[in-house]
Amino acid sequence: MFMLAIFIVLILLSFATFFMGTRAGVFAKSSAALILMLTVVYAFLNFSGTGAGGFTSESTYAFASGIGIYFSIGVDGLTVSLLILSAVISLIALLIANRKEYTASFYGLMLLTETGLFGILLSRDFLFFYIFWEIVLVPMYFIIGRYGGERKDTVSLKFFVYTHIGSVFILLSILTLFSYYYSYSGVFTLQMSTLLNSAFINNSGYLPLFWKDFMLFGFLLGFLVKLPSFPLHSWLPDSYTTAPYPATVMLAGGLSLMGGYGLFGILLPIYSTINITVLWVLIALGIISLLYFAFTAMFQMNMKRMMAYASASAMGFVTISFAAGILDSTLSIRSIELSGGIFQIVAHGIIMALIFSVLYFITENTGKENIYQMGGVHREMPWLSSFLLAGFLASLGLPGLAGFIGEFSIVVGMFQTVGWLIFFVILAMIVTASYHIWTAQRSLYGAYNENLGKIKDASRSEIAILASVTLVIFVLGVYPNLIFGIISAYVGGII
Amino acid sequence: MNIFSSITYTLHAATQASIYYYPLIFLGIVAFVMLALGIRNIDRKVFAGITFAAVLISMIMILLDPYDEVVVGNNALLFNRFTMFFAVILIISVLYIIFPAIRGLKSKPEIFYATLLFVLIGMLVSAFSYNLIIIFVSFEAVSLGTYVLAGYGKQKRHLEASAKYFFTGTIGTAFTVFGLSFFYTATGTFSLTSEVISSSPAMLIALIFLLIGFGFKLAIFPMHQWAIDAYDGTENSVSAFLSTGTKILAFMILIKIFLVGFAGDYHDIFLLFVILSVFSMTYANLAALSQNNLKRLLAYSSVAQAGYLILVIALVGYTGIGNVAYVAIAAGMFYSLVYIFMKGGSFLAMNLVNRESVSVSDVAGLARKSPVTALSFAILLMGLAGIPFTGGFTAKYYLFLSLIEGNLWWLAVIAILNSAISVFYYFRVIMFMFWKEPTSEDHFNLTAYSKAPVIASAVIMVALFFFFYLLPTLNGMAPGLFATMGGI
């Protein structure tokens with residue numbers, strides 16, 4: 001009930017933002033802070049200390065019960081950590097938005113995106129899950145299209161159509177489950193908890209093999225587009241580059257979160273139905289994503305575009321951990337592997353938020369995004385350079401920072417399953433480390449590029465924002481149990 | 001005794017049915033009165049008001065009628081919840097354009113509105129009828145009326161569109177008559193019942209000819225070209241009516257004729273309609289991608305929408321009459337309802353631009369001039385694309401659901417990919433509306449007459465999203481389609 005109240009408050013606040021005029025920015029920022037606070041309080045009350053990861057509350061309201069449509073929401077260990085993540089990145093994205101051109105509708109659309117993310121995570125009914133899944137795209141489309149950079153009109157269109165095509169397959173899968181569950185039990189229902197039932201899905205007498213594969217294919221396609229994974233990524237670099245920086249923060253954290261939630265929230269409960277071949281294909285896709293995006297990132301001139309690829313590369317770990325975790329035979333290792341994957345989603349979201357925020361301030365102050373047009377900016381802006389370096393170090397997986405925990409548990413866990421393929425993963429990690437460091441070297445250190453002239457460093461409020469994000473990354477790095485406990489309780493409940 | 005009882009029976013049926021005739025008679029009287037009033041020089045708004053009131057009253061009369069199944073004559077007319085549902089949504093499609101049409105009526109408004117009422121009478125009769133001759137005659141009444149409506153206006157392009165519509169329409173009629181005669185040869189009756197399931201080869205010929213004849217009116221793939229030109233050439237409100245009212249009418253007639261009259265040929269129906277629907281969707285969506293003329297784009301999109309609609313017929317042909325078929329028909333009924341608002345609203349949105357032919361770039365900058373209107377138009381386009389929180393999503397959801405339930409997964413994939421392609425051109429319009437610089441400053445016509453219908457349909461569009469519980473109701477109505485077949 002408490003969560004439903006938070007959700008309704010969020011909806012109201014985001015619509016109210018549109019009518020706030022010049023005060024919309026402050027209003028949206030404080031709303032996002034309020035929502036984060038409430039979510040954290042909720043998580044603390046329900047999930048602290050007990051080691052609980054299952055559903056603490058699930059409430060259902062009949063909408064059209066005759067055809068199985070209910071509005072039902074529930075929170076478990078996975079969703080609560082992702083809820084906190086989406087609240088955090090929305091707050092960061094809103095806090096850093098400071099341009100004059102960002103009108104009330106910008107802030108309103110950002111909050112609507114957050115509403116959509118909350119809706120996806122909270123829905124325990126497939127229809128509303130799908131509806132929110134689709135509706136997230138609409139405010140994002142308008143943000144990119146209106147406030148974006150070069151070629152914003154075509155890029156926003158591409159973003160929408162590409163990810164929409166991925167989504168519609170999810171709808172087909174949902175309809176498949178719905179109609180076959182009716183023949184299985186004689187009940188119309190769209191409840192996730194009922195439909196995601198391995199006994200029903202594995203029963204080829206009720207769900208023919210073809211339809212089972214069809215269903216899994218639809219879900220995987222939809223989730224991998226959002227994640228994004230290797231062959232389905234072409235919307236990503238353009239959208240990340242063109243979107244205004246606050247929206248990029250939302251994209252990097254939020255859309256990957258959607259894909260990750262799809263894998264770990266929808267498909268993990270029915271992991272026993274997934275074919276081993278499919279899992280190996282997923283591992284292969286994950287490794288290709290890691291390597292391919294790492295190498296592509298290495299040769300980018302534009303820092304924003306480079307980080308877009310770096311973000312996609314980091315999500316390769318998530319795909320691998322999902323597939324390898326299911327393949328693992330040892331229960332404890334499987335738990336570490338899967339929890340590592342979920343942790344990676346959270347860590348990645350926050351780290352990318354830090355990096356894109358710093359890049360935003362640097363670009364605002366220097367007017368440059370290209371690595372070669374910078375150089376030695378540490379002399380003029382020590383604060384921003386240090387924060388960027390911190391972000392880079394976290395992103396490449398330095399121990400002690402959040403990025404390390406996820407990657408470490410994934411790599412440790414998958415060694416048993418993938419065998420010698422681990423070398424490709426190690427190679428990708430080396431490449432990732434090297435291009436991060438190389439970029440830092442070229443842009444932040446060395447001789448100062450005098451063409452830049454006089455540039456100013458971050459203001460005090462900006463430093464405060466960045467420092468607190470860095471602090472979060474650091475805390476998660478040294479005390480991962482803050483959320484790792486909830487996550488592994490959730491994973492433990494399933495496997 | 002025998003003759004006596006049959007006479008009393010007929011009389012009884014007629015008195016029972018007469019209550020259903022009141023709306024038709026009422027509309028006819030109003031139409032003639034308006035023609036008579038036309039001698040006086042009365043303002044066109046008065047005529048619009050009279051028409052609106054009359055149509056609204058007739059709708060209320062139909063809604064108040066009892067829902068019992070009443071059959072008149074040898075299945076000549078059938079009054080049940082299924083036929084009444086279509087009667088009501090056809091009335092809505094007329095109701096919709098009465099006020100927006102005022103703008104184009106420079107002279108003789110009474111003739112326009114009287115014709116509209118006659119057209120409506122024809123529509124209602126064919127909605128209720130289960131006899132091919134009556135369907136044919138009433139449908140021709142509708143067609144003749146719409147030829148007049150299409151030509152209304154003083155400009156050459158209106159006449160050109162009307163002429164084109166007239167010629168292709170007449171060809172369609174010829175095919176229909178031909179098909180009817182073959183139907184009679186095969187079955188010996190014009191009644192749509194399954195009492196005579198004929199295996200005569202003439203039946204197949206009848207099927208194809210009737211399909212071509214009514215396919216022209218529905219504007220599905222190979223018979224669609226006239227529609228693109230006609231919708232483009234006519235007055236905006238008339239094209240809204242042509243693409244909603246007559247289209248839904250043709251869809252309903254196709255359902256009746258093929259699913260009831262050809263109950264023995266379901267396999268052929270399945271094959272033919274799958275081919276037609278896949279080609280309609282794919283061709284129209286691809287053609288719309290490269291359209292710069294907004295009205296032509298909407299016209300192509302309505303061809304694609306007709307492709308989605310006839311998926312229902314294909315599906316019923318595949319599964320046969322049963323629970324899945326009822327779900328499919330219910331989905332088709334819901335789609336028809338939503339379609340009237342989203343398509344009619346988008347065509348009426350063309351009134352916002354003061355240009356002869358509206359191109360996509362003409363709506364550029366609308367968001368700056370009137371954000372609410374732009375948002376409403378965007379909602380309508382999103383409805384056509386099937387994005388959540390619009391009725392279009394709910395309609396598509398049910399359509400795809402019935403396809404999956406009928407095991408036609410590949411058709412569902414084709415349809416859903418098509419709907420994903422269509423997102424591209426709808427959002428292109430939205431993009432122009434919101435982010436492109438306007439071509440000139442003062443070509444927008446932002447009067448209440450042009451804004452109100454768009455905003456109203458957008459509100460209804462959003463409201464229809466929440467009408468999930470309408471489907472079980474429609475599901476209960478759907479078996480009414482097969483009422484004349486007896487025993488089912």
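Just so it is clear: chains get the letters A, B, ... in the order the sequence lines come, proteins before strands, and each one is counted from 1.
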- Task: Could you check which of B/Val413, B/Ile404, B/Ile387, B/Leu471 has the highest count of heavy-atom pairs closer than 4.5 Å to chain A?
- Result: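 Greatest number of close heavy-atom pairs with chain A: B/Ile404.
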- Heavy-atom pairs under 4.5 Å with chain A are the metric here; pick the option from B/Val423, B/Asn475, B/Ile421, B/Leu470 that has the most.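 Sorted descending by pairs with chain A, the first entry is B/Val423.
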With a 4.5 angstrom heavy-atom cut-off, could you sort out which part of [X] is near chain A: side chain, backbone, both or neither?
X: B/Phe432; answer: neither
X: B/Leu403; answer: neither
X: B/Asn407; answer: both
X: B/Phe434; answer: side chain
X: B/Leu401; answer: both

Proximal component of [X], with respect to chain B [non-hydrogen, under 4.5 Å]:
X: A/Leu171; value: side chain
X: A/Leu137; value: neither
X: A/Tyr180; value: side chain
X: A/Ser167; value: neither

- Message: A/Phe71 vs A/Phe128, test: ring pair (Phe, Tyr, Trp, His ring centres under 6.0 Å). Steps then yes/no.
- Response: CA-CA 7 Å; A/Phe71 180 69; A/Phe128 284 91; 5.0 Å; yes
- Task: Could you tell me how the ring of B/Tyr308 sits relative to the ring of B/Tyr335: parallel (under 30°), tilted (30 to 60°) or perpendicular (over 60°)?
- Result: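 Geometry flag for B/Tyr335 against B/Tyr308: tilted rings.
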- Can you say whether the rings of A/Phe15 and A/Phe18 are parallel (under 30°), tilted (30 to 60°) or perpendicular (over 60°)?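 The rings of A/Phe15 and A/Phe18 sit tilted, inter-plane angle from 30° to 60°.
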- Message: Looking only at the aromatic ring of each residue, does the gap between the centers of A/Phe178 and A/Phe126 stay below 6.0 angstrom?
- Response: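 No, too far apart.
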- Task: Run the salt-bridge test on B/Arg428 and A/Asp153 with the 4.0 Å N-O cut-off and return the result as yes or no.
- Result: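 Between A/Asp153 and B/Arg428 there is no salt bridge, as every charged N stays at least 4.0 Å from the carboxylate O atoms.
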- Could you go step by step and tell me if A/Glu150 and A/Thr242 meet the side chain to side chain donor-acceptor pair (under 3.5 Å) rule? CA-CA 6 Å; A/Glu150 278 172 57; A/Thr242 306; over 6 Å; no
- Message: What verdict does the side chain to side chain contact (heavy atoms under 4.5 Å, CB included) test give for A/Phe223 and A/Ile266, after you've listed the backbone C-alpha separation in whole Å, the side-chain angles of each residue and the deciding distance to 0.1 Å?
- Response: CA-CA 10 Å; A/Phe223 298 151; A/Ile266 310 284; 3.9 Å; yes
- Message: Between B/Trp409 and A/Phe210, does the ring pair (Phe, Tyr, Trp, His ring centres under 6.0 Å) criterion hold? Intermediate values first, please.
- Response: CA-CA 10 Å; B/Trp409 65 272; A/Phe210 169 80; 4.7 Å; yes
- Max heavy-atom pair count under 4.5 Å with chain B, selected residue of A/Phe132, A/Tyr130, A/Trp211: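 Highest number of pairs under 4.5 Å: A/Trp211.
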- Task: Considering only heavy atoms and a distance below 4.5 Å, find which of A/Phe169, A/Tyr141, A/Tyr182 pairs most often with chain B.
- Result: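 With the most close heavy-atom pairs to chain B, the winner is A/Tyr141.
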